[in-house]
Amino acid sequence: MANRRLSGFTSFLIPGISSLLLFQTLKSQPLPSLKETFKSNFLIGAAVNVQQFEGKDSAANRVIAQQFNTVTPENIMKAEIIQPGWNVYRFDYADELVAYAQKNNLKINAHTLIWHSQLPAFMQHMQDPDSVRKYFVDHINTVAHRYDGKVFSWDVVNEALNEDGTLRNSIFLQKLGPNYIVEAFRLTQKAAPNTKLYYNDYNIEQPKKRAGAIAIIKSIQSAGVRIDGVGIQGHWNARNVPLQDIEESIKEFSALGIEVMFTELDLGVLKNPWDNNTADVNAKADSKENMNPYAGGLPDSVQNIQSKAYEDLFKLFLKYDKNVSRVTFWGVNDGQSWLNNWPIRGRTNYPLLFDRHFQPKEAFYKVISTKAE
Ligand code: XIL
């Protein structure tokens with residue numbers, strides 16, 4: 001009896017001790033680098049903002065140079081910024097990003113050509129299908145052509161699906177019909193022959209939406225048009241990462257002969273006001289009581305849940321490293337994450353691997369440790 005109690009006690013204690021020791025050992029050494037650690041497995045990226053690629057955020061710039069080998073512009077290549085008026089383009093930010101990436105040896109995943117959100121005002125309520133078609137063709141030709149050879153890849157179409165796997169009733173579907181996705185890829189392939197072409201969406205690890213994504217990918221392929229990969233955004237809650245669905249998705253998407261990527265990874269710790277796990281940028285909610293419980297700091301218990309979730313996820317990515325070509329975090333540190341202001345403004349979320357002072361979190365070391373096993 002005593003023995004059994006002792007062995008139960010030790011087996012409970014030893015993993016705790018060893019992981020504590022592991023973290024202390026790792027922390028006393030120079031900071032490991034994500035991109036170095038996973039260099040034989042997949043690219044490691046972060047979404048970057050203007051301050052960062054203009055080199056005005058020295059702490060972030062240090063982390064980016066040390067940790068990442070690919071970046072995604074968080075906003076500046078979206079239509080509302082890059083074509084704010086009809087045939088009026090604003091390329092200065094994207095050009096600065098290209099220069100920053102060249103200087104720091106970073107690949108760029110350009111984000112995004114065709115998306116119903118963050119559209120310029122002039123095009124949001126366009127009624128005439130010919131005008132929408134002209135916008136569609138000109139936007140792709142101009143923007144994709146200009147950055148061909150300068151960016152590594154494009155999210156050609158973003159978030160074209162509803163949760164049930166049907167096509168979202170966007171302005172593009174309404175005015176151009178269901179073939180607009182194939183057309184977007186066809187045009188981009190022509191305008192940017194040296195750039196990889198991806199479909200990107202959230203929740204496409206979920207079975208119904210996944211089936212919709214598979215149908216899209218097959219329709220592009222059977223039209224003889226190139227698609228190189230699919231991006232699963234990965235805006236999940238740390239308490240509820242759908243590992244099984246993710247694994248199934250990696251298998252099913254890679255069976256189509258394309259790369260699988262995790263393109264906007266963040267594991268938030270705050271509850272959202274609705275049951276489904278949307279990442280629709282237009283889904284906003286008012287703040288209510290108890291919706292911002294960690295404004296004063298992240299409790300260890302929650303930190304542990306998050307670290308374990310990141311660890312499990314990276315173990316899965318490593319298991320499928322032949323199929324997974326990139327993992328990109330949606331931001332550099334917790335303070336800069338969009339999840340502090342979405343879907344409720346002014347909250348304190350902790351979704352990334354670096355804290356508000358750019359210090360690596362427990363989750364960072366857990367992710368690094370998946371390679372040691
Ligand atoms: C978000 C940005 O992070 C925010 O700064 C912006 O206000 C709204 O968009 N899916 C996407 C990204 O494809 O472009 C979104 O980025 C997050 C959800």
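As the structure lists them, so they are numbered: ligands from 1, and atoms in each ligand from 1. This chain uses plain numbering: 1 for the first residue, then up along the sequence.
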List ligand 1 atoms under 4.0 Å from His111, heavy atoms only on the residue side. 11 (C), 12 (C), 13 (O), 14 (O)

Could you check if a side-chain atom of Gln52 sits within less than 4.5 angstrom of a side-chain atom of Glu74, using non-hydrogen atoms only? no

Name the closest protein heavy atom to atom 1 (C) of ligand 1, giving the residue it belongs to and the distance to 0.1 Å. Lys78 NZ, 3.6 Å

Heavy atom of the protein closest to atom 8 (C) of ligand 1 (residue, atom name, distance): Gln118 OE1, 3.4 Å

Can Ile171 and Met126 be said to form a side-chain contact (heavy atoms from CB on, under 4.5 Å), step by step? CA-CA 8 Å; Ile171 186 168; Met126 217 177 249; 4.2 Å; yes

Judging by distance only, is a nitrogen or oxygen of Asn158 under 3.5 angstrom from one on ligand 1? yes

Considering heavy atoms of the protein only, find what lies nearest to atom 11 (C) of ligand 1 and give residue, atom and distance to 0.1 Å. Glu264 OE1, 3.0 Å

Is NZ or CZ of Arg356 both nearer than 6.0 Å to the six-membered ring centre of Tyr350 and within 45° of the ring axis? yes

One finds that the ligand 1 atoms under 4.0 Å from a non-hydrogen atom of Trp115 are 14 (O)

Return the residue, atom name and 0.1 Å-rounded distance of the protein heavy atom closest to atom 6 (C) of ligand 1. Asn75 OD1, 3.4 Å

State whether Lys39 and Glu36 are salt-bridged, where the test is any N-O pair (Lys NZ or Arg NE/NH1/NH2 against Asp/Glu carboxylate O) under 4.0 Å. yes

Check whether any heavy atom of Trp330 sits under 4.0 Å from an atom of ligand 1. yes

Which atoms of ligand 1 sit under 4.0 Å from any heavy atom of Val281? 8 (C), 9 (O), 15 (C), 17 (C), 18 (C)

Can you tell me which residue and heavy atom of the protein come closest to atom 3 (O) of ligand 1, and the distance to 0.1 Å? Glu74 OE2, 2.5 Å

Do the side chains of Lys361 and Asp334 get close enough for a salt bridge, i.e. N-O under 4.0 angstrom? yes

Backbone or side chain, does any N or O of Trp338 fall under 3.5 Å from an N or O of ligand 1? no

Do Trp342 and His235 have their ring centres less than 6.0 Å from each other? no

So, Phe38 versus Phe42, ring centres under 6.0 angstrom or not? yes

Considering distance alone, does some N or O of Glu159 sit under 3.5 Å from an N or O of ligand 1? yes

Centroid separation under 6.0 Å, is that true for the rings of His139 and Trp86? no

Where does the angle between the aromatic ring planes of Phe314 and Phe329 fall among parallel (under 30°), tilted (30 to 60°) and perpendicular (over 60°)? parallel

I need the atoms of ligand 1 closer than 4.0 Å to a non-hydrogen atom of Ala279, numbered in the order shown. 18 (C)

